[in-house]
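The model shown is predicted, which means the values in this text are computed figures rather than measured ones. In what follows, chains are A, B, ... by sequence order, proteins preceding strands, each numbered from 1.
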Amino acid sequence: MAAVKDRPRLGLSFLRLFAVQGSWNYERMLGLGVGVAAEALLRDLKTDGNEDAYRAAVARSARFFNAHPYLAGLAVGAAARAEHDGMPPTQIERFRSALISPLGALGDQLVWAAWLPLLAAAALAGIALGAGWIAVAAFVVVYNVGHVALRWWALSAGWAHGAHVVAALQAAHLQRASAIGVPAMGLVTGFALPLVAFSLAGSFGGWERLAVAVVAVVGFIALQLFQRVFSGLRLGLMAVALALIVGWLWP
Amino acid sequence: MSVEPQLFLLIWGTLVGLDLVSIPQMMIARPLVAGAVAGGILGDATTGIMIGALFELFQFDILPVGAVRYPEYGPATVAAVSAAHAIPGVLGFGLGALVGLVTGLIGGESLHRLRRITTRAVQRAAEPLERGDVRVLMRVHATAILRDGVRAALVTAVGLVLAQAARSVLAIAVSPRGAGLLGAAAVAAALAAGSSGTYRLVGRGPALRWFALGLCGGAVVTWLR
């Protein structure tokens with residue numbers, strides 16, 4: 001078992017985590033990025049010129065892994081701590097695998113389904129109400145305060161808890177944030193949508209506004225009914241292509 | 001349009017493209033931010049912010065989980081702002097949307113191809129990676145990021161060429177009614193995508209009530225204004 005420092009290069013590992021998805025691929029997904037971030041925490045496994053334990057740990061850390069990118073640090077820190085604590089390799093592999101689903105689900109719930117759309121919708125509402133640049137700047141600043149804090153918390157909690165990191169995931173503040181995130185996002189996005197609709201369609205004439213309303217409702221229904229084959233992009237491309245053809249035939 | 005702002009747009013689009021997945025995911029890739037800064041580069045912040053808002057609604061339709069394939073709206077918004085800039089009114093808006101949607105499609109496809117290329121690079125390096133060769137690990141990772149930078153630059157460049165073509169060809173060919181239709185179609189599709197994406201996220205549970213409450217509140221404020 002290697003001597004465990006209090007905070008062995010957490011800063012370097014933290015910086016590397018910003019590129020954790022840099023080599024995302026269909027085989028190992030986040031694996032390589034996780035390996036790169038973990039490497040900084042594993043250097044203390046080198047003992048008297050013997051790098052076997054260090055190399056084996058780096059190889060393990062770079063294997064298949066997937067999670068929300070902001071929470072990947074939790075697995076990086078926890079697995080690195082487990083390596084230092086001398087946990088058997090097969091157990092470390094199982095431990096990493098066990099973290100994939102909870103880290104993915106929690107990150108998606110907290111960030112992709114709540115924090116990000118909530119702030120984006122608030123910025124849209126701000127723009128519609130005339131805040132312009134201030135709304136955009138506020139979005140970037142506030143979002144990244146949460147983003148950076150979450151990444152740092154994940155890495156330091158992983159390192160602090162090691163194999164017992166599941167306790168950190170069950171923290172009351174995370175559960176509360178997870179519970180109120182999506183309803184709050186729904187409320188703010190719902191508030192923003194009519195304002196943005198009016199703002200974007202403000203320069204249109206009467207019949208154009210009617211067309212916007214009809215196509216938006218039909219498009220919404222189509223996107224709900226045919227989710228598997230239809231997307232917002234396809235709807236947009238079809239709508240603008242149709243508009244170009246109609247405008248050409250009926251100048 | 002002179003070369004200098006185009007060059008700055010290319011650099012900005014590349015950074016935006018890198019931010020989406022590779023580094024640092026600070027959400028400059030969000031259309032709202034990408035568009036506002038692109039507008040600032042062109043000295044037309046209002047167009048940038050409005051085009052950004054339009055594509056932000058399209059972005060709501062995307063949940064980037066796992067290996068899901070999705071369009072890339074960041075560089076697309078930069079190209080869309082370039083297309084809409086200097087064309088007044090609804091026509092600029094419509095052309096911007098057209099260019100942006102096509103660029104978004106190309107960007108999404110390029111991401112998928114990049115991931116396949118990176119997968120092959122990882123497979124080729126499997127043996128040293130399993131040995132724990134740190135130099136190979138760092139090289140494969142850094143090369144993948146560099147490759148994504150090149151991809152983002154290429155997607156932005158294609159978008160900017162499309163924007164130039166739209167300004168010089170379509171802007172002349174489209175009738176006033178066609179311009180109105182184009183703008184209306186883009187806004188309608190964006191609203192459908194935005195509301196559909198949100199509805200999917202809130203689901204049919206208690207969050208739906210909050211969504212409905214928000215819609216009512218937004219409608220009242222809009223009416224009062």
Side-chain angles (χ1 to χ4, degrees), chain A residues 18-19 21-28 32 35-36 39 55-56 58-59 62 69 108 112-113 120 123-124 127 132 136 140 143-144 182-183 186-187 189-191 193-198 200-201 203-204 208 211-212 215-216 219-220 223-224 231-233 235-237 239-240 243 246-247 251, chain B residues 21-27 32-33 36 49 53-54 56 58 61 63 65 67 71 90 97-98 101 104-105 115 118-119 122 129-130 132 134 137 140-141 144-145 174-175 177-178 180-182 184-189 191-193 195-196 198 201-202 207 210-211 213-215 217-219 222:
Chain A
F18 283 91
Q21 291 199 130
S23 51
W24 200 101
N25 63 87
Y26 292 117
E27 186 158 298
R28 298 190 184 209
L32 259 59
V36 168
E39 187 277 334
R55 281 172 170 268
V58 169
D108 292 346
W112 293 159
L124 283 174
I127 285 166
V136 178
V140 175
Y143 177 82
N144 282 299
V182 174
L187 180 72
T189 310
F191 181 76
L193 279 172
L195 288 165
V196 180
F198 190 76
L200 289 175
S203 56
F204 293 156
E208 288 158 343
V212 168
V215 176
F220 174 85
L223 286 170
Q224 290 302 315
S231 65
L233 176 77
L235 173 71
L237 284 170
V240 293
V246 173
Chain B
V21 177
S22 286
I23 181 168
Q25 287 207 300
M26 60 184 287
M27 295 304 140
L32 211 49
V33 185
I49 289 172
L54 181 87
E56 191 64 46
F58 279 109
D61 190 46
L63 194 61
V65 293
V90 179
L98 177 66
L101 287 167
L105 180 72
R115 288 170 172 185
T118 307
T119 303
V122 171
L129 287 173
E130 280 306 306
V134 176
L137 173 65
V140 174
H141 189 63
I145 295 172
V174 176
S175 65
R177 182 180 282 129
L181 278 171
L182 197 58
V187 171
L191 286 170
S195 47
S196 169
T198 310
L201 285 179
V202 297
W210 290 101
F211 181 44
L213 187 67
L215 276 173
T222 304

Matching residue for A:V36 among B:L137, B:V134, B:V140 - test: side-chain contact (heavy atoms from CB on, under 4.5 Å): B:L137

With a 4.5 Å cut-off on heavy-atom pairs, point out which of A:V246, A:V196, A:V240 contacts chain B the most. A:V240

Which region of B:L63, side chain (C-beta onward) or backbone (N, CA, C, O), has a non-hydrogen atom less than 4.5 Å from a non-hydrogen atom of chain A, or is it both or neither? side chain

Just by modelled atom types, is the A:A19 backbone N or O under 3.5 Å from a matching donor or acceptor in the B:H141 side chain? yes

Non-neighbouring partners of A:W112 that pass ring-ring contact (aromatic ring centres under 6.0 Å, His included), sequence neighbours left out: A:H68, A:Y70

So which of B:G178, B:A207, B:A193 has the largest heavy-atom pair count under 4.5 angstrom toward chain A? B:A207

Structural part of B:V174 lying under 4.5 Å from a heavy atom of chain A: side chain

What's the shortest heavy-atom distance between B:L32 and A:V136, and which atoms? O-CG1, 4.0 Å

Please determine, among B:S22, B:A97, B:A186, the option with the most heavy-atom pairs under 4.5 Å with chain A. B:S22

Structural part of B:V122 lying under 4.5 Å from a heavy atom of chain A: side chain

Heavy-atom pairs under 4.5 Å with chain A: which of B:A144, B:A188, B:A189 has the most? B:A188

Could you tell me whether the side chain of B:L129 reaches within less than 4.5 Å of the side chain of A:R28, counting heavy atoms only? yes

For the candidates B:L101, B:I23, B:I145, which exhibits the highest count of non-hydrogen atom pairs separated by less than 4.5 Å from chain A? B:L101

Checked B:S195, B:G104, B:P71 vs chain A; the most non-hydrogen pairs under 4.5 Å come from B:S195

Which atoms of A:A62 come close to chain B, meaning under 4.5 Å heavy atom to heavy atom: side chain ones, backbone ones, both, or neither? side chain

Minimal heavy-atom distance between A:V58 and B:G132, with the atoms involved, is CG1-O, 4.4 Å

Least distance between heavy atoms, B:A185 atom then A:A239 atom: CB-O, 3.4 Å

Residue among A:P183, A:G219, A:A120, A:A59 with most heavy-atom pairs under 4.5 Å to chain B: A:P183

Considering all heavy atoms, the nearest B:T222-A:P194 contact: OG1-C, 3.6 Å

Point-to-point distance, once rounded to the nearest 0.5 Å, from OG1 of A:T189 to CG of B:L215: 9.5 Å

Does A:E27 use its side chain to pair, donor to acceptor, with the backbone of B:T119 at less than 3.5 Å? no

Minimum-distance pair of heavy atoms, taken over all atoms of B:Q25 and A:P69: OE1-CG, 3.2 Å

Under the side chain to side chain donor-acceptor pair (under 3.5 Å) rule, collect the residues that match up with B:D61, sequence neighbours excluded. B:R200

What residue, out of A:Q21, A:E208, A:E39, has the most heavy-atom pairs lying under 4.5 Å from chain B? A:Q21

Interchain contact, A:I127 with chain B, by part (heavy-atom threshold 4.5 Å): side chain

Chain A: which of B:L54, B:L98, B:V33 shares the most heavy-atom pairs with it under 4.5 Å? B:V33

Do B:V90 and A:F204 touch side chain to side chain, with heavy atoms closer than 4.5 Å? yes

Which atom pair, heavy atoms only, marks the closest approach of B:M26 to A:Y143? O-CD2, 4.2 Å

By a 4.5 Å heavy-atom criterion (distance strictly below it), what part of B:T118 contacts chain A: side chain, backbone, both, or neither? both

